[in-house]
2 protein chains.
Amino acid sequence: MYAEPACDSSLSTPFAARWPIVPAQPDVREAAPRKPATRCSTCSLRGVCMPPDLTSTEFEQLDTVVLTTRNVHRGETLFRAHDAFQSLYAVRTGSFKTVVMHRDGREQVTGFQIPGEPLGLDGICSGTHSCDAIALEDSTVCIMPFGQLESFCRESRRMQRHLYQLMSGEIVRESSLMMLLGTMTAEQRLAAFLLDLAERFQARGYSGAQFNLKMSREEIGCFLGMKLETVSRMFSRFQREGLVEPNGKQIRIVDVEGLARV
Amino acid sequence: MYAEPACDSSLSTPFAARWPIVPAQPDVREAAPRKPATRCSTCSLRGVCMPPDLTSTEFEQLDTVVLTTRNVHRGETLFRAHDAFQSLYAVRTGSFKTVVMHRDGREQVTGFQIPGEPLGLDGICSGTHSCDAIALEDSTVCIMPFGQLESFCRESRRMQRHLYQLMSGEIVRESSLMMLLGTMTAEQRLAAFLLDLAERFQARGYSGAQFNLKMSREEIGCFLGMKLETVSRMFSRFQREGLVEPNGKQIRIVDVEGLARV
DNA sequence: CGGTGGATTGACGGATGTCAACGAGTGTGG
DNA sequence: CCACACTCGTTGACATCCGTCAATCCACCG
């Protein structure tokens with residue numbers, strides 16, 4: 001999932017480390033490819049991931065916490081529901097969806113994550129993940145072993161505060177999704193979804209007016225609580241009304257105010 | 001909101017403090033009635049609010065953090081959206097709803113809180129609350145000034161972990177509500193709602209089979225993403241099917257398995 | 001070239017919203 | 001004590017949004 005014109009390559013592998021692959025740490029489910037991480041202190045996403053006011057000492061400590069990254073291919077899972085919780089993750093490149101599943105097969109996509117956004121916060125509560133995190137495209141995440149992160153947060157007030165804010169932000173995000181699912185029409189949901197995505201892309205230096213959806217209509221519907229046919233119809237309606245120009249997965253937002261008014 | 005036969009009185013005012021009212025700490029919005037708190041170390045709800053394995057030293061420290069309680073009358077707000085965030089709260093007696101509101105007047109109830117459950121976690125993220133917390137009946141909360149709580153969490157590993165778990169639990173709770181709103185029929189939502197409430201009451205020593213809803217049909221509907229008439233119809237249907245016996249706000253669950261099968 | 005999966009569009013039906021009437025319960029004031 | 005207003009809950013009739021089912025189209029790929 002990236003914006004056009006894609007500055008993807010620059011953000012994809014900031015200070016791209018072509019270092020030799022390090023022996024993988026023990027992993028519960030699979031021997032996933034891991035690589036030493038680029039240092040947080042020099043990462044181009046640090047402004048998105050990390051508090052703005054960390055001292056250089058704190059960045060040095062942080063670099064000892066975030067030691068590795070992991071590649072996840074399109075369609076593969078970073079973690080699954082019921083996996084033991086060990087680490088938090090930050091999307092470095094690519095994108096993910098998180099899915100909660102009911103025993104009867106009902107699925108709900110609870111979020112789409114793009115670079116700089118956290119993954120895994122659901123696992124802290126019970127020590128076990130409660131959702132699947134699935135890559136929408138070939139992606140990379142930074143791995144933050146939670147035990148070490150906790151230790152660091154006891155030493156650094158700023159980092160401690162940051163982690164609380166991250167989690168609280170997730171709570172607020174989900175609240176507004178509940179509002180979306182509980183009170184809005186299908187048309188309003190899709191409009192809100194597109195505006196939210198646009199804003200998040202823009203905050204990362206991508207174009208907010210034109211971007212590429214890495215998720216299918218079905219996945220969008222599963223996130224917005226509607227069927228894929230309805231998603232498709234709403235896209236068509238927006239096109240008729242001159243609000244967006246959808247071209248398959250390529251989306252151009254023509255009239256932001258119009259979308260907001262829906 | 002309490003169970004029948006109400007053991008309400010025992011849980012209502014555990015070790016009820018009839019101490020003189022302490023000079024209220026400065027409060028942004030109102031001079032709310034505050035009283036010194038019963039000590040966490042001797043509170044009958046401590047098993048619900050706090051980690052099970054705190055040492056006595058930690059409880060002593062905790063007692064210096066949770067110094068005051070506050071009464072909130074039915075219909076009044078504990079905090080409002082846009083209020084400055086200062087403290088986390090734990091419901092001690094009574095019950096609350098949290099409501100997020102859109103500028104156009106759309107409202108969504110994001111949760112109902114009963115004794116032992118946290119309030120205010122939404123405020124950490126931006127330093128400003130993002131929802132209203134409104135008492136459904138005359139209620140009491142324990143006040144945990146966030147700055148002091150943070151300090152305590154840097155000293156106590158267990159307390160630090162507990163706060164992370166609390167927040168993560170809220171994230172997971174909201175995820176399952178998204179699933180409810182996104183994938184379930186009106187009938188299934190109401191069934192899930194009743195079962196969830198029953199479980200929470202039971203975990204607090206109340207009856208899970210019979211309880212008293214303090215919220216109106218409209219508030220239930222606003223929480224479950226449906227209209228009050230639909231809530232009412234679903235209650236009637238459950239009654240016809242012999243699953244619950246609703247008597248206004250008094251609810252008796254007759255067939256738990258049947259409700260779960262819906 | 002055909003097979004496959006995703007997207008689009010149409011026709012139809014059902015779940016739920018909307019509007020309205022009515023009854024029960026409660027508080028208030030004469 | 002009663003009359004009254006008011007809120008809340010229930011129920012019915014009808015409308016509508018969206019889900020379901022099906023056909024078609026398109027891009028991609030072996």
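Treat the numbers as computed from the prediction; the structure is a model and nothing was measured. Naming convention: chains lettered A, B, ... in sequence-line order (proteins, then strands); numbering from 1 in each chain.
Using a 4.5 Å heavy-atom threshold, the side chains of B/Asp132 and B/Glu107 count as separate. Under the 4.5 Å side-chain criterion, counting only non-hydrogen atoms from C-beta, A/Phe238 is in contact with A/Leu190. Side-chain contact between B/Ile253 and B/Glu245: absent, with no pair of heavy atoms (C-beta onward) separated by less than 4.5 Å.
Remark: aromatic rings of B/Tyr206 and B/Phe211 are distant, center separation not under 6.0 Å.
With hydrogens and angles left out, the side-chain atoms of A/Arg92 and A/Thr140 include no donor and acceptor closer than 3.5 Å.
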message: Using the rule given for side chain to side chain contact (heavy atoms under 4.5 Å, CB included), can you reason through B/Val262 versus B/Met184, listing the C-alpha separation, both sets of side-chain angles and the distance that settles it, and then say yes or no?
response: CA-CA 10 Å; B/Val262 163; B/Met184 294 188 182; over 6 Å; no
task: Take A/Phe223 and A/Phe193, measure what ring-ring contact (aromatic ring centres under 6.0 Å, His included) needs, and give me the verdict at the end.
output: CA-CA 9 Å; A/Phe223 178 58; A/Phe193 169 69; 5.8 Å; yes
message: Would A/Arg204 and A/Glu117 count as a salt bridge (Lys or Arg N to Asp or Glu O under 4.0 Å) here? Give the steps.
response: CA-CA 11 Å; A/Arg204 281 155 186 76; A/Glu117 295 180 338; 3.4 Å; yes
- request: Given side chain to side chain contact (heavy atoms under 4.5 Å, CB included), test A/Leu121 with A/Leu88 step by step and report yes or no.
  value: CA-CA 7 Å; A/Leu121 295 171; A/Leu88 293 181; 3.8 Å; yes
Enumerate all atom pairs, one protein N or O and one N or O from nucleotides 23-26 of chain D, separated by less than 3.5 Å.
none

Dump the pairs, protein N or O against N or O of nucleotides 7-9 of chain D, anything under 3.5 Å, distances to one decimal.
unit_1: D/dG9; atom_1: OP1; unit_2: B/Arg217; atom_2: N; d: 3.4
unit_1: D/dG9; atom_1: OP1; unit_2: B/Lys249; atom_2: NZ; d: 3.1
unit_1: D/dG9; atom_1: OP2; unit_2: B/Arg217; atom_2: N; d: 3.0

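Salt bridge A/Arg233/A/Glu187: absent, no basic N to carboxylate O contact under 4.0 Å.
Going from atom CD of A/Gln250 over to atom C1' of D/dA27 covers 15 Å, rounded to whole Å. One can place CD of A/Glu219 at 13 Å from C1' of C/dG5, the figure rounded to the nearest angstrom.
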task: For nucleotides 14-23 of chain C, just jot down a letter per nucleotide in 5' to 3' order: B, S or -, based on protein non-hydrogen atoms under 4.0 Å.
output: --SSBB----
